[in-house]
Amino acid sequence: MNRREFILRLEQALRDMPEEERRRAVEYYENYFDEAGPENEQEVLHNLGAPEKAAADILRDYQDMAEPSRQDTGDRKQRNSTKRTDHVRRMRDNFQTMDNGQKLLLIVLAIFAICIIAPVCVGIVGGIGGILIGLVCVVFAIFLVVPVLDLVAWVCAITFAILAGVTMVSNPPTALLSLGVALICAALGILLWRLTVYLFRTTFPALLRGIVGFFRGILHF
């Protein structure tokens, strides 16, 4: 076994480690070989032993270092949960220590606050809902107007083309003018058709997914 084979087997044995940690471990052994020099490569390989054994030691040390971090996270969650529980318990104890007059006053104030805040919240939600519904209606109106305009453009193009054919012999200037208008309407129809295809193939599905995702997020919230 040589240095290259040792490094390759070490990287393979450390494949379950995060990339950054694995890179640091491999760099450590690369530097170890560099400091020893090529003439001492076999001696270094003999001292290090199998790369799988070195990898096992690295993985064990990494897991020992990561375990306190996971423990700290669990401890923080536990402390936060305990704080919330203590807060609820203190509020309940404070309510129970109140006399009947104080409890009655607190209940009246709570009912009064609900009577004031609830209509305001309903109004705000209704206003936001009305704005959203208005925007949706405007968007859907655009999706309907574009195809209608495209149809009108093609009807005009066909009409002026027929008029040009009818007046070609009797009135050539009118025929040429009608033909020009027909071509303009046809070009406009092509542009509107491409816009219609783009709207219904790309924009409409994306908009629909966005609306569904927005209301789904509100319901989940």
Side-chain angles (χ1 to χ4, degrees), residues 1-95 121 124-125 128-129 131-132 135-136 138-140 142-143 146 191 193-221:
M1 183 173 60
N2 55 25
R3 169 180 174 173
R4 179 176 177 77
E5 184 179 354
F6 180 91
I7 296 298
L8 291 176
R9 289 171 58 180
L10 180 65
E11 290 178 341
Q12 181 65 21
L14 296 175
R15 62 185 179 275
D16 293 334
M17 284 185 66
E19 182 178 355
E20 181 66 21
E21 299 296 332
R22 183 173 65 250
R23 183 184 61 81
R24 291 178 180 176
V26 173
E27 284 184 354
Y28 171 81
Y29 283 93
E30 291 278 10
N31 295 332
Y32 191 82
F33 278 105
D34 290 339
E35 292 175 0
E39 66 277 4
N40 297 320
E41 180 176 312
Q42 291 302 319
E43 182 180 354
V44 172
L45 290 171
H46 177 74
N47 293 333
L48 292 177
E52 288 76 14
K53 180 179 179 302
D57 295 336
I58 295 172
L59 290 172
R60 184 173 57 255
D61 294 340
Y62 173 75
Q63 291 173 355
D64 292 341
M65 293 176 61
E67 187 63 30
S69 177
R70 290 194 293 267
Q71 185 65 32
D72 291 341
T73 302
D75 292 342
R76 284 196 298 269
K77 292 181 179 179
Q78 183 64 30
R79 287 195 298 269
N80 292 333
S81 177
T82 303
K83 288 181 179 179
R84 288 192 296 269
T85 303
D86 293 340
H87 181 67
V88 173
R89 185 182 297 110
R90 284 195 300 270
M91 292 180 62
R92 184 182 59 198
D93 293 340
N94 291 334
F95 182 78
C121 294
I124 293 174
V125 173
I128 295 174
I131 294 173
L132 291 176
L135 291 175
V136 171
V138 169
V139 172
F140 278 100
I142 293 174
F143 280 99
V146 173
L191 291 176
W193 169 251
R194 293 178 64 88
L195 179 60
T196 300
V197 172
Y198 175 80
L199 288 175
F200 281 91
R201 180 178 296 178
T202 304
T203 306
F204 183 76
L207 181 63
L208 188 61
R209 288 194 299 269
I211 293 174
V212 172
F214 176 78
F215 283 103
R216 184 180 298 173
I218 292 178
L219 293 177
H220 287 174
F221 178 78

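These numbers were taken from a predicted model, which means no experiment stands behind them.
Between Pro51 and Leu10, the closest heavy-atom pair is O-CD1, 3.7 Å. Arg22 and Glu11 make their closest contact through CD-O, 3.9 Å (heavy atoms, listed as atom of the first residue, atom of the second, distance). The two atoms that bring Arg3 and Glu41 nearest to each other are N-OE2, 2.9 Å, heavy atoms only.
Leu45 has its side chain within reach of Gln42: a pair of non-hydrogen atoms, C-beta onward, lies under 4.5 Å apart. Looking at Val44 and Asn47, their side chains never come closer than 4.5 Å, going by heavy atoms from C-beta outward. Side-chain contact between Leu48 and Tyr29 is present, with at least one heavy-atom pair separated by less than 4.5 Å.
Residues Glu19 and Arg23 are not paired through a salt bridge, judged by the lack of any N-O separation under 4.0 Å between the basic side chain and the carboxylate.
A perpendicular orientation is assigned to the rings of Phe33 and Phe6, their planes being inclined by more than 60° (bins at 30° and 60°).
Using a distance-only test at 3.5 Å, with no hydrogens or angles considered, a donor-acceptor pair links the side chain of Arg15 to the main chain of Gln12.
Interatomic distance, Leu59 CG to Glu52 CD, rounded to the nearest 0.5 Å: 11.5 Å. Of the inter-residue distances, the one linking Leu14 atom CG with Ile58 atom CD1 reads 5.0 Å to the nearest 0.5 angstrom.
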